[in-house]
Trainee: 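Here you go, one structure.
Keep in mind that what you see is a predicted model, and the values were worked out from it rather than measured. The sequence lines fix the lettering, A, B, ..., with proteins before strands; numbering per chain opens at 1.
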Amino acid sequence: MAVAEREHAAVEVVDLATTSLRELNRRLHELAEAPGPRHWRVVNPSGAHAVACGLDADVEVEIDGHVGYYCAGMNKRATVRVHGNASTGIAENLMSGRVEVDGNVSQSAGATGRGGLLVVRGNASSRCGISMKGIDIVVGGSVGHMSAFMAQTGCLVVCGDAGEALGDSIYEARLYVRGSVASLGADCVEKELTDEHTATVRGLLDAAGIDADPADFRRYGSARRLYNFHIDNAGAY
Amino acid sequence: MCGIVGLFAKAPGIEERLGEHLGAMLVQMSSRGPDSAGVAIYGDPAPSGSSKLTLYSADPHERWGAVRDGLCDAFAVCAEPAVRASHAVFVVDAGASDADRWVRDNRPDLRVMSAGRVIEIYKETGLPEEFARAFALEDFRGTHALGHTRMATESRVTTEGSHPFSTGFDLCLVHNGSLSNHNRLREGLRREGIEFQTENDTEVAAGYLAWRLREGASLEQALEGCLDDLDGFYTFAVGTADGFAVLRDPIACKPAVLAETDDWVAMSSEWRAIAVLPGAADATAWEPEPGVVYAWEKALV
């Protein structure tokens, strides 16, 4: 009991019904410069945008409720857990650290992310992982249309199904889908799943805390046949 | 941008406070649409055989009594209009078609915002908060309602260019997005006898739905026709006498969220607007699929 009480006391609780979003984010940003509380709990987010964005500290932020756009965007090092749903652009341009969402997320989850891990336990809608540049994304449910559009590096693991035009104009990102794929986008093809790939999927599933057999997944990636992959066109860039 | 809100009451407590809840939702969408705001409220039906007209006058000193006198002479009914800011609601002892035609013929300076048995449409330029106050939204009770906050992109900021748009008797449309083939479509619809009063793209979508419904399509068929015939981005919410329907274009760039509890169904551009409703924290919430018509009607719940 004493230990639990101490842990509870160590959690910095911020109520967005009474504290402004700017105040919350300012206090979280200060942690990049000076030590402060390591465990935060945000209550009453009520769909607010840009909650816990731009963090650069080894902190854990728990958010109780649904958040709006761009939650945890641009973060480094931090762990952000959303106990609810998230709207457009969760973990957009994530640099490092970890973002977890218990519920569903709207479009452009993990867009342009450069590192770190995004875990969505529910479904992600359209454009999940669009232009991802090194982030790893694990989705417990399904993803919508145009997911991994122009995805450059990193892994997208989908335990459910993928919508239309998966991986359109993809570069070097690796896509793993357990369920059905409505259609593949331009230049995206199915590729062999080797031991190296199942090991990668196992590692990501373990990191996400999702129980699934890596052998059940199929791998998709770039056929490298679009204009920009032809050496004759290299001079155009 | 633009913001959309919709609320469908499943419990009497929500019906009693429909206007108050809708106003709170609308204010949450101010940042998506600070140019103008509007609502369509369904409640307080006119007696059988009668109809309700919501009229707008650009003249702040409009003599609504004179309009009433004219309607009384034509249709032998003399109820006082309910005046709210620049709008007035008349209950007329005639069908909506005849009452609507009388206003267009005799008072072309007035604008028929809505006609039907249950619908009332109010809209005006300015911040949603000012709109909610000026039109005393908290006074309204009703079964369901739609609202819109506008950030204009395709046409001027005017009362007429604000949403909702009437699409026929007891029908209305609110729209988040922009249509790119509205000029060509408007020409075709004019040839079919559909009237347009602005250069607004949403009015064309409203006219399209009115035309399809006139030609015998069901609401669902008319909305599915949008997927083939409208070019552009849209999340639509359509109000009917019995409920409302939601449709997103197949690309689905424009946001939408739906939520339901035992007491209500709500839709909005963002969760913020739904979060203000009682019991929202425990609501079932989901994002509507692109290109799929979602509809709620009183008879179905």
Trainee: Within the supplied structure, the quantity of interest is the number of heavy atoms (other residues, nucleotides, ligands) at a distance under 6.0 Å from A/R218 CZ; does it exceed 12?
Mentor: no

Trainee: Do any of residues 133-166 of chain A have a heavy atom less than 4.5 Å from a heavy atom of chain B, and if so, which, in residue order?
Mentor: A/H145

Trainee: Please determine whether the number of non-hydrogen atoms from other residues, nucleotides or ligands lying under 6.0 Å from atom CG of B/D228 exceeds 12.
Mentor: yes

Trainee: Where along residues 103-122 of chain A does a heavy atom come under 4.5 Å of chain B, listed by residue number?
Mentor: A/N104, A/V105, A/S106, A/Q107

Trainee: Check whether B/P290 gets within reach of chain A through its side chain, its backbone, both or neither, counting any heavy atom under 4.5 Å.
Mentor: side chain

Trainee: Count the heavy atoms of every other residue, nucleotide or ligand shown that sit under 6.0 Å from CZ of A/R22, and state whether that count exceeds 12.
Mentor: no

Trainee: Please say whether more than 12 non-hydrogen atoms of neighbouring residues, nucleotides or ligands are located less than 6.0 Å from CG in B/D139.
Mentor: yes

Trainee: Mark yes when over 12 heavy atoms from residues, nucleotides or ligands other than A/E23 sit less than 6.0 Å from its CD; otherwise mark no.
Mentor: yes

Trainee: When rounded to the nearest 0.5 angstrom, what is the spacing between CD in B/E287 and OG in A/S126?
Mentor: 6.0 Å

Trainee: Is it the backbone or the side chain of B/I274 that comes under 4.5 Å from a heavy atom of chain A, or both, or neither?
Mentor: neither

Trainee: How about B/Y294: does its OH atom have over 12 heavy atoms from other parts shown lying under 6.0 Å from it?
Mentor: yes

Trainee: Using 0.5 Å steps for rounding, measure from the CZ atom of B/R272 to the OG atom of A/S46.
Mentor: 11.0 Å

